[in-house]
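The structure appears right after this line, and notes come after that.
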There are 2 protein chains.
Amino acid sequence: MPRINKSKYAVLGILSLGPMSGYEIKNTIEGSLGNFWSESYGQIYPILRSLVAEGLATSRTEEQTGRPNRHVYTLTDAGRGALLQWLAEPVEYDVGRVEILLKLFFGWQLPVEDSLTKLREFRTVSEGLGSKYEGIEQWLKSTQAGHPGLPYWLATVSYGQHLSRALLAWCDETEGILGAIQEDQGHRAEVATPGRNGNGRDS
Amino acid sequence: MPRINKSKYAVLGILSLGPMSGYEIKNTIEGSLGNFWSESYGQIYPILRSLVAEGLATSRTEEQTGRPNRHVYTLTDAGRGALLQWLAEPVEYDVGRVEILLKLFFGWQLPVEDSLTKLREFRTVSEGLGSKYEGIEQWLKSTQAGHPGLPYWLATVSYGQHLSRALLAWCDETEGILGAIQEDQGHRAEVATPGRNGNGRDS
DNA sequence: GGCACTTATATCTCCTTGATATGTATCTAG
DNA sequence: CTAGATACATATCAAGGAGATATAAGTGCC
């Protein structure tokens, strides 16, 4: 089962929006797919060359004075066909690597407070994610009104909003559970060593 | 800002549970972090060598007859220190690559039904994810009862459950929106070309 | 006996990321 | 006016990372 190169289809998809240079492709990806997909020049330029070699795109060189010539790539019918074929293939899903979970997994080996600090940090990150998506939603609605792609693009933004709400709910739940463990430990420590009273911080 | 190698800390973390060989580390990761983290032999073996070179672990060879000798790695105090230091560093979060969103983003260029099919596929995947996590939760509760790590491990499972519920909710919402577009298009097609009536499928 | 699977170590290729190199043009703050 | 930042445009490199494959013996089953 030779791994299929999804970057290739991301580039193909962007080219389906119109002829572009490698530089423009990168910028377009950042400004559209950027929230759930990324590509680097290190992939884009070799992919463009292979697309031409496979007959999925053609390239034409635009002469420019004072800066490197633009290499503009245009999708061929075969290229559009390859894109449609990939779109029809079944989707995969991968949770991916989640750093907060890696840290939390080993968290029982150190004071509960350390894990709670990590969770509070992560809550801030998740909140930032949520407001970022809200901004994008407003921007899309005001600048792309009437475009047939709008509902689809809003769906990708909504994915991010559902995700960030889920992260926040998970933070709430987990902070509650670890908080209870901390109180429990604090209580037992208090009973064991009376005198060190009213366990300091509770912000 | 040289990218820090998180795989190194995953290996360090696993070694904090006890001395292990590269093979055992791989298996242990799959059976514990497996739902949100993965490592391949191609990373584990070079990392183990570099851990020894950096003084973060020691290796000892157990002679075996009939099969390759076991190289068992043990965390040093410096290694445990490096792990704790990394645990204290701020966490990052990355939504990562989401294939369904990449496909959906280009979905407006083809019939709505195609995108709805993708969403229904994705719903099945998300449901599978949810039941997988439920199974893990039950298994953890019944086999690890009383272990101080249990609440932390359950928290990582809960993350997956929150995530799968969010994916399902997003599917509901998006199927509703695209379904409305489809009905709208069907309606307009009906008005435009009367005669081809009662637009076939609606499952 | 043959076949599939598991234990165990290790390497290889390819994908992917992020940094860097090169060089001009334009914009901006001091 | 000019130094520095940013945009345009192409391209390469070193690492990080995933997955398949190589090797080799042991175990269980038909």
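Everything numeric in this text was worked out from a predicted model, so none of it was measured. To find a chain, count down the sequence lines: A is the first, B the second, and so on, and within it residues start at 1. Below, each value reflects all heavy atoms present in this structure, side chains not excepted, and no hydrogens, waters or symmetry copies.
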Can you tell me the distance, in whole Å, between the [atom1] atom of [X] and the [atom2] atom of [N]?
X       : N      : atom1 : atom2 : value
B:His71 : C:dT7  : NE2   : P     : 18 Å
B:Arg60 : C:dT9  : CZ    : P     : 12 Å
A:Arg70 : D:dT10 : CZ    : C1'   : 12 Å
B:Glu30 : D:dA18 : CD    : C1'   : 12 Å
A:Ile44 : C:dT17 : CD1   : P     : 10 Å
A:Tyr9  : C:dT16 : OH    : P     : 12 Å
B:Ile47 : D:dA15 : CD1   : P     : 15 Å
A:Leu48 : D:dT10 : CG    : P     : 9 Å

OP1 or OP2 of [N] less than 4.0 angstrom from a side-chain nitrogen or oxygen of [X], does that happen here?
X       : N      : value
A:Tyr41 : D:dA11 : no
B:Arg97 : D:dA18 : no
B:Gln43 : D:dG16 : no
A:Ser38 : C:dT16 : no
A:Ser21 : D:dT10 : yes

Side chain to side chain donor-acceptor pair (under 3.5 Å) pairs touching residues 139-156 of chain A, sequence neighbours excluded, are A:Glu137-A:Lys141
With distance as the sole test, does [X] use its side chain to make a donor-acceptor pair with the main-chain N or O of [Y] at under 3.5 Å?
X        : Y        : result
B:Ser131 : B:Gly128 : yes
A:Ser115 : A:Pro111 : no
B:Ser59  : B:Tyr73  : no

Taking only the side-chain heavy atoms of [X] (C-beta and beyond), determine which of [options] contains the nearest atom.
X       : options               : result
A:Tyr23 : D:dT10, C:dT11, C:dT9 : D:dT10
A:Tyr45 : C:dT9, D:dA11, C:dT11 : D:dA11
B:Asn5  : C:dT7, D:dG16, D:dT12 : D:dG16

Categorize [X] for me: base, sugar-phosphate, or nothing, with a 4.0 angstrom heavy-atom threshold over every strand shown.
X       : result
A:Ser40 : base
B:Asn27 : nothing
B:Gly42 : base

Using distance only, find each side-chain donor-acceptor pair of residues 45-52 of chain B under 3.5 Å and give its atom names and separation, not counting sequence neighbours.
unit_1	atom_1	unit_2	atom_2	d
B:Ser50	OG	B:Ile47	O	2.9

If you take the centroid of each ring, where Trp contributes its six-membered ring, are A:Phe36 and A:Tyr159 closer together than 6.0 Å?
no
Tell me whether the NZ or CZ atom of A:Lys8 lies within the 45° cone about the ring axis of A:Trp86 and under 6.0 Å from its centre. no
Report task. Would you please say whether a donor-acceptor pair under 3.5 Å links the side chains of A:Thr124 and A:Glu127? Result -> no
The answer to which of A:Lys6 and B:Pro46 contacts DNA chain C further toward the 5' end, by nearest nucleotide, is B:Pro46
With five pairs defining each end axis, the helix from C:dG1-D:dC30 to C:dG30-D:dC1 comes out bent, to 10°, by 30°
